[in-house]
Amino acid sequence: MSRFWSPVVHQLTPYVPGEQPKLDTLIKLNTNENPYGPSPKVLAAIRAATDDSLRLYPDPSGDKLKDAIAGYHGVSRPQVFVGNSSDEVLGIVFQALLKHEQPLLMPDISYGFYPVYCGLFGIEARQVPLDDSLSIRVEDYRQPCGGVILANPNAPTGRLLPLSAIRQLLDDHPDQVVVIDEAYVDFGGDSAIALVNDYPNLLVVHTLSKSRSLAGLRVGYAVGDATLIEALERVKNSFNAYPLDRLALAGAVASFEDDDYFRHTCQAVMRTREQLTAQLQALGFEVLPSAANFVFARHPQHDAAMLATGLRQQAVIVRHFTAPRINQYLRISIGTDAECTRLVQVLGSLLS
Ligand SMILES: *Cc1c(COP(=O)(O)O)cnc(C)c1O
């Protein structure tokens with residue numbers, strides 16, 4: 001606390017990211033990073049961009065990247081917004097589109113950054129409980145509101161809503177923006193980007209951090225009606241005109257040019273997820289069906305916090321959340337086959 005702080009700073013409850021340990025001998029299954037490196041073509045593009053041109057500012061609107069994204073999703077450039085991570089894109093979305101008289105609806109269990117942005121931007125949040133199976137029920141969102149945001153697949157549950165449910169939500173809220181955060185959709189979901197030409201109230205947010213193995217590069221984007229995108233551009237250009245640097249732009253464009261690599265690594269993660277799910281079930285865990293690059297699992301006889309601590313002592317880190325409804329679950333990111341085998345081995349020894 002300091003008398004020098006702006007008043008709002010006293011009220012903030014910042015997001016706490018998963019641990020990024022300095023030791024690299026740990027098996028890190030706690031922040032949903034991709035176990036495979038980025039495409040070699042991405043690395044080559046970043047190297048090629050590492051030259052004297054770094055003295056120059058990057059393209060402030062990132063048009064080449066927007067075109068690559070637009071081409072990939074079959075939309076047009078004015079329907080695409082790019083930013084320095086999807087966290088930044090989401091921050092801009094909250095300011096530009098979600099601050100209204102009525103409260104913003106979101107699941108009670110979802111990405112922890114949503115309530116943090118509400119605190120920062122002075123937006124009233126109304127949390128809508130997941131049902132007993134930890135599923136989002138879109139019927140429960142039929143209430144007056146200033147907007148809706150949810151993650152699909154949801155985090156940290158991994159559960160996926162079908163596009164028919166997203167359509168229902170959009171039909172129920174024709175006068176509010178509905179934001180779908182699809183950070184994990186490439187691991188088994190259908191993207192709601194297919195609906196943006198039908199729904200002017202839909203905004204879909206993506207990141208290159210998970211499925212494109214680029215958490216370290218910090219690139220995210222949003223796709224929606226051009227008028228929604230214009231609102232995002234206005235806020236962005238009132239804050240930071242050059243959020244994406246030259247290396248990030250070059251690497252991100254190259255990622256969209258190497259679709260084979262992208263699809264192969266996503267498939268490898270999904271294959272390992274199915275193996276890991278079966279192995280955890282064999283150990284007695286209940287595992288929620290996941291369409292993401294992590295699983296959410298609990299053991300009926302073993303306390304989750306104790307298991308997380310036991311794993312940590314054996315150099316395996318997973319995420320444990322202390323919120324009441326989910327404090328008996330572990331969220332385990334999908335690693336390589338070898339990392340998951342080690343995880344299962346350590347869990348087996350902890351259970352016996
Ligand atoms: C990881 C994650 C993000 C943030 O991604 P970045 O682009 O790395 O900031 C956003 N939303 C959800 C649901 C996530 O899990």
Side-chain angles (χ1 to χ4, degrees), residues 14-20 28-35 38 42 62 65 69 80-94 98 104 106-118 120 125 127 130 134 136 148-161 166 178-189 191-193 203-223 232 236 240 243-245 248-249 251-252 255-256 266 269 273 288 290-296 318-319 321 323 326 329 331-334:
Y15 178 72
V16 183
E19 182 189 0
Q20 296 294 347
K28 199 174 169 306
L29 304 176
N30 68 329
T31 52
N32 300 341
E33 288 138 331
N34 201 304
V42 168
L65 177 56
I69 293 167
V80 179
F81 178 78
V82 293
N84 181 2
S85 80
S86 69
D87 283 341
E88 183 190 81
V89 172
L90 286 166
I92 291 171
V93 168
F94 273 69
L98 299 178
L104 172 66
M106 63 184 69
D108 64 336
I109 295 163
S110 193
Y111 186 40
F113 234 125
Y114 306 152
V116 173
Y117 290 127
C118 288
L120 178 59
Q127 300 197 329
L130 300 184
L134 300 183
I136 292 170
V148 178
I149 183 162
L150 49 87
N152 193 42
N154 196 15
T157 64
R159 282 191 181 277
L160 179 74
L161 285 177
I166 304 295
V178 173
V179 178
I180 309 295
D181 178 352
E182 293 189 335
Y184 302 104
V185 78
D186 298 324
F187 299 107
S191 175
I193 290 176
L203 190 81
V204 183
V205 178
H206 277 219
T207 175
L208 276 65
S209 295
K210 279 64 182 245
S211 59
R212 292 181 183 272
S213 309
L214 288 170
L217 203 62
R218 314 306 297 132
V219 183
Y221 61 94
V223 179
L232 304 181
K236 171 242 172 195
N240 179 1
L244 282 164
D245 62 68
L249 288 169
S255 172
F256 285 95
C266 287
V269 168
R273 178 183 71 208
L288 295 190
S290 170
N293 68 338
F294 56 84
V295 291
F296 205 48
V318 300
R319 193 95 196 254
F321 297 93
I326 55 171
Y329 284 85
R331 193 198 66 190
I332 305 168
S333 307
I334 304 302

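Reckoned from all heavy atoms, side chains included, excluding hydrogens, waters and symmetry mates. When a ligand or atom number is given, it counts from 1 through the structure's own listing order.
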Exercise. Below 3.5 angstrom, do we get any N/O pair linking D87 and ligand 1?
Worked result: yes
Exercise. Would you say the side-chain atoms of R331 pair up with the backbone N or O of N30, donor to acceptor, closer than 3.5 Å?
Worked result: yes
Problem set entry | Any donor-acceptor pair under 3.5 Å from N293 side chain to S333 backbone | no
Exercise. Given that the side chain starts at C-beta and the backbone is N, CA, C, O, which of these parts of K210 lies under 4.0 Å from ligand 1, counting heavy atoms, or is it both or neither?
Worked result: side chain
For this session: Could you check whether the rings of Y221 and H206 sit parallel, tilted or perpendicular, using 30° and 60° as the cut-offs?
Result: tilted
Exercise. Has the side chain of N34 got a donor or acceptor atom that lies under 3.5 Å from a matching backbone atom of K210?
Worked result: yes
For this session: Please confirm whether R212 makes a cation-pi placement over F256, using NZ or CZ under 6.0 Å from the six-membered ring centre and within 45° of the ring normal.
Result: yes
Exercise. Counting heavy atoms only, which part of Y184 comes closer than 4.0 Å to ligand 1: side chain, backbone, both or neither?
Worked result: side chain
For this session: Under 4.0 Å from a heavy atom of T207: give me the atoms of ligand 1 that qualify, with their elements.
Result: 5 (O), 6 (P), 7 (O), 8 (O)
Exercise. Is a side-chain donor or acceptor of N152 paired with a backbone partner of I180 at a separation under 3.5 angstrom?
Worked result: no
Exercise. Below 4.0 Å from any atom of ligand 1, is there a heavy atom belonging to D181?
Worked result: yes
Exercise. Hey, what's the ring geometry for Y184 with F294, parallel, tilted or perpendicular (30° and 60° as the breaks)?
Worked result: perpendicular
Problem set entry | Location of contacts on S209 toward ligand 1, heavy atoms closer than 4.0 Å | side chain
For this session: With heavy atoms of S85 as the reference, note each atom of ligand 1 found under 4.0 Å away.
Result: 7 (O), 9 (O)
Problem set entry | For atom 9 (O) of ligand 1, the protein heavy atom that lies nearest, with its residue and separation | R218 NH2, 2.9 Å
Seminar exercise, completed: Within the 4.0 Å heavy-atom cut-off, what S86 brings close to ligand 1 is both
